[in-house]
Amino acid sequence: MAQRQQKWTCFFCAAALVTFRVNSLGDLLHHVRSPHGSYPSFRVACGLEGCLKAYTSYKAIFRHIGNSHYPLLYQELPPRSPYLYPTGPGLLEKALNHLGLANPGPQHYEDNHEPFADGVDDDHEDDLLQNQMPNEGQENNPEEGYLDKLTSSTMFLARIQHRSSLPQATVDTIKDETCILLQNIFGRLQLKMRGTLEMVCQPADIENILRHFDDEVDPFDEINTAYRQEQNFQRIFPYVKPRERFLGNCLTFRGAGKNRRQTVVEDKFYYIPVVEQLKVLLSNGRFLQEVLRPNHQNEVSMLKDVNDGTIVKTHPLFSRPGLSLQLVLYYDDVELCNPIGTRRVKHKVGLFYYSIMNLAPQYRSKLESINLYAAVLSKHIKKYGIDTILRPFKEDLDQLSNDTTIGETMFTAALLAYVADTPACHLSGGFKEGVGFAFQKCRHCNADVTTMQEAFIESEFTPRNLNSHKAQCQLLENAENDQLRNHYSTVFGINRRSILCDFPHFDLTHMLPQDVMHVLLEGVLPLELTLFLKHCVSATVVTVKVLNQRILGFPFGYYQLQDIPNPINEKVLLDDASILNDDAIKMWNLCRILPFLVKDIVPLVRIHWENFRQLLEIMQICMSQVIRIESVTHLSTLISEHLPTFKTLYNRDITPKQHYLIHLPMLIVMYGPLIRLWCTRFEAKHKFFKKVARLGNFKNIAKSLCERHQTLHATNFFDDKLDGSSNPLFKKMEIGISKPLANNDLRSAKDALYASRIVDRNQTEIVSIAMAKWVQVHGIKYMEGKSVILLNFQPETEMPQFGLIKSIWIANNNKIVFQCCPIETVAYIEQLLSYEIMLPLQAAEEDMKYADVDGLITHEVTHIIELGGGKYVNFRTNIAEYTIP
């Protein structure tokens, strides 16, 4: 016999391997209604009091319970046998196995095909459950889908203010103008309704009805001041208040003229408690569902995410059963004002973010998934040390290293990686920020200046480890005098013992990975590109003017228009000490098109080009979202061949960032594809804080940034819709101009989707299909007639099969399908790092290919490049990694 549960359990969630329990049947029905009741394939068996009736709509099962099992709505303990469970094949068994309950054996259901049972009207449905809803000072009525006036009006003002970074004065203007608009709308509506009601109602009844409009004319009457808005917001929403921590005192001058006086001012920084923030996140149903979603490790030969790396597989918390949150911490100094203005450096702020790697990559890439830990003036970091800022984070990690409970969810958390640019990483880890002043310049190995120029394989270097690092720090701390201490510091490349050494389950000699954006796109790539172009210009095989004309005339794709490379500065190529300086993504795009720009001059500079092409191939592997183990070995070989050849060709020493390339294969094995940890998305988060700073309040800028961010975070994670659709983090798609298909077009589209097995005719009925000009899915934009996607690989040749999107269909308002014209792949052109293709003159309808956006091999999108009479497609990453070995 099944063990008796103390709370009502959702068997739909359990079938998806998620545990969800509530206190009453009424609460459970509210949960089942959304999101499960909205599924097209919703089919539920009653199971209450031995009832085996099954229904295909939420309304039907609700009315059935109201007629037949009404007393159970107020019963605290659930029955022992399964109830309100899905009837799909194997779903009940999967749910029972997840919950650890006994299987009652095969069930024979009594189908009820009537959409509604008799005996319960809509009003009675609200009456049945109104006492079952949690009521903490709110008057929400989720059954009708509406929030109470105070909650909805507070949320309205908070979201427009903080999602758009508006000042309070602008919010007050919007509030007042909204009230005027509602007065006009309700006034006209009252006049229309009065004329209608006079024909059927008594005058007294008419006034009673119309009086309801007067109560709603001013939705902001309870929050008409900024103070009331803030107080109600913090009471209603999941707001985690930033905390301040005292750093020290300093002397400063206040006042002007005769009133100018020297005063003592407290230095502080502001941080958000990690434990409290994680509890708020996990209390959000949709967020909890996503982090609990099984993230299975891939085949041994494929690396797709951090779970495939050795760090997670061997970590004492991450490798054990249960929920353990994998945190990645990031730090950067941000100039909030004009970097060449009078307030430069004065308002430079250090920002600390962290991301939760348990989320799927499509969610982690969104800015809403990045949490703020602390904001502190950069001058305070230099004055008091970064360890002081990180100490609260360590205290929270100490607590999270043991089981922590939120509701019925038990979890742990630990730091998986600390990412930043090289100076910030070295500052945080206690290494020398300026590696030029250190004898040992690498935080991964003990490479000295000489061995960096002679060895290009990682096995030729002695790796650092935590024990030896602590011993070196001990020597540094126990040095008898400053001269000996400076000697140790220079030899070891260490300034101090970092607080990171005391973080639980954290090894700073391995868990400070290199960032591919800073190392490649802002380090190695600009250096080697500059030297290659200088060689081409000095050899008179091409001029800067010709290169710039080719850049301006290149057919960029629609997705590249915001990051078109800037013209090359001729002065840079004429100056031996200058290096090209551009945004990381623009530099990446320039290198993607460079093979096409110099195609005709390659025979004249073949040796130098082959060396640079090796770097492009290294980049393709390092930037890939999927990497095969054999590609890691190939990457190591490429780097070991590339660096000595570069040193010989240009007669230059290997720079520290070029040396860091040697460690990238090892880091990929440890963490999976390094693109999952790169700093680009973290740096994109700076834009929000720069917008906040433009409001002009710098009196306590660190506090203002934290409060603004936390308010925005609370508005996003307020669960006003159980499916999470109100949270930008879980917004899947944005659809452009669209029109519904009808008649023959609709029938032929349905037949095509059924025939291609994109939609299973036996499980899902296609009710509607709309055709859109473009659609954006998790930040990636697809356009009809312009986008090229990877469909599959040909089994005989392993050549990729591409498709040009001809039409974008949205079936049943939630399923995106691409109708693609197949593209013939001619060959892979190694010199161009691109595939040569051939488009059919006219594709027949039966030759079209269909692809579900959720089933794509890779979501990377590209376009057709037409140059010199040929057609090519070029991907940012090495798509050959997706072939099955």
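Throughout, residue positions are numbered sequentially from 1 according to the sequence presented.
Contact check on D854 versus K732 returns a salt bridge, with a Lys/Arg side-chain nitrogen under 4.0 Å from an Asp/Glu carboxylate oxygen. Ion pair E570/K545 not flagged as a salt bridge, since none of the NZ, NE, NH1 or NH2 atoms sits closer than 4.0 Å to an Asp/Glu carboxylate oxygen. With respect to D305 and R364, a salt bridge is recorded, a charged nitrogen being found less than 4.0 Å from a carboxylate O. A salt bridge does not link D745 with K750: none of the charged nitrogens is closer than 4.0 Å to a carboxylate oxygen.
Minimum heavy-atom separation, T825 to F802: OG1-CD1, 3.6 Å. When all heavy atoms are compared, the tightest approach of P665 to V632 is O-CG1, 3.6 Å. The two atoms that bring L833 and N874 nearest to each other are O-ND2, 3.2 Å, heavy atoms only. Closest approach of I808 and E784 over heavy atoms only: CD1-N, 3.9 Å. For the pair P673 and Q625, the tightest heavy-atom approach, listed with the atom from each and the gap, is CG-O, 3.3 Å. I823 approaches L804 most closely through the heavy-atom pair CD1-N, 3.8 Å.
Separation of the Y835 and F875 ring centroids does not fall under the 6.0 Å cut-off. You'll find the ring centres of H863 and F556 outside the 6.0 Å limit. In this structure, the ring of W809 has its center no less than 6.0 angstrom from the ring center of F818. The distance between the ring centers of W774 and Y782 does not fall below 6.0 angstrom.
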Q) Checking ring-ring contact (aromatic ring centres under 6.0 Å, His included) for the pair Y363/F730: CA distance, chi angles, key distance, verdict? A) CA-CA 7 Å; Y363 298 125; F730 302 117; 5.4 Å; yes
| Can Q819 and Y850 be said to form a side chain to side chain donor-acceptor pair (under 3.5 Å), step by step? | CA-CA 5 Å; Q819 183 190 44; Y850 298 88; 3.3 Å; yes
TODO: Any chance you could lay out the side-chain contact (heavy atoms from CB on, under 4.5 Å) test for K815 and I758, step after step, and finish with the verdict?
DONE: CA-CA 10 Å; K815 192 175 190 65; I758 295 293; 3.9 Å; yes
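Side-chain atoms of Y660 and Q514 include no donor-acceptor pair closer than 3.5 Å. The closest side-chain donor-acceptor pair between R163 and N716 falls under 3.5 angstrom. Q560 and D563 share no side-chain donor-acceptor pair at under 3.5 Å. Under 3.5 Å, the side chains of E683 and H518 contain a donor-acceptor pair of N or O atoms.
Every ring-ring contact (aromatic ring centres under 6.0 Å, His included) that F682 has, sequence neighbours left out, goes to Y330. Remark: Y754 pairs with no residue by the ring-ring contact (aromatic ring centres under 6.0 Å, His included) rule, at least two apart or across chains.
Heavy atoms from other residues, nucleotides or ligands lying under 6.0 Å from NZ of K94 number 12 at most. Open room surrounds CG on N581; 12 or fewer heavy atoms of other groups in view lie less than 6.0 Å from it. Around NZ of K366, the count of heavy atoms belonging to other residues, nucleotides or ligands within 6.0 Å exceeds 12. The number of heavy atoms from other shown groups lying within 6.0 Å of CG (L561) is above 12.
For the atom pair CE (M771) and NZ (K739), the distance works out to 4.5 Å, reported to the nearest 0.5 Å.
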Under 3.5 Å, which donor-acceptor pairs link side chains of residues 520-528 to any protein atom two or more places apart or in another chain?
from: E528; atom 1: OE1; to: H642; atom 2: NE2; distance (Å): 2.8
from: E528; atom 1: OE2; to: H642; atom 2: NE2; distance (Å): 2.9
from: E528; atom 1: OE2; to: Q658; atom 2: NE2; distance (Å): 3.0

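Using cut-offs of 30° and 60° on the angle between ring planes, the pair W678 and W588 is perpendicular.
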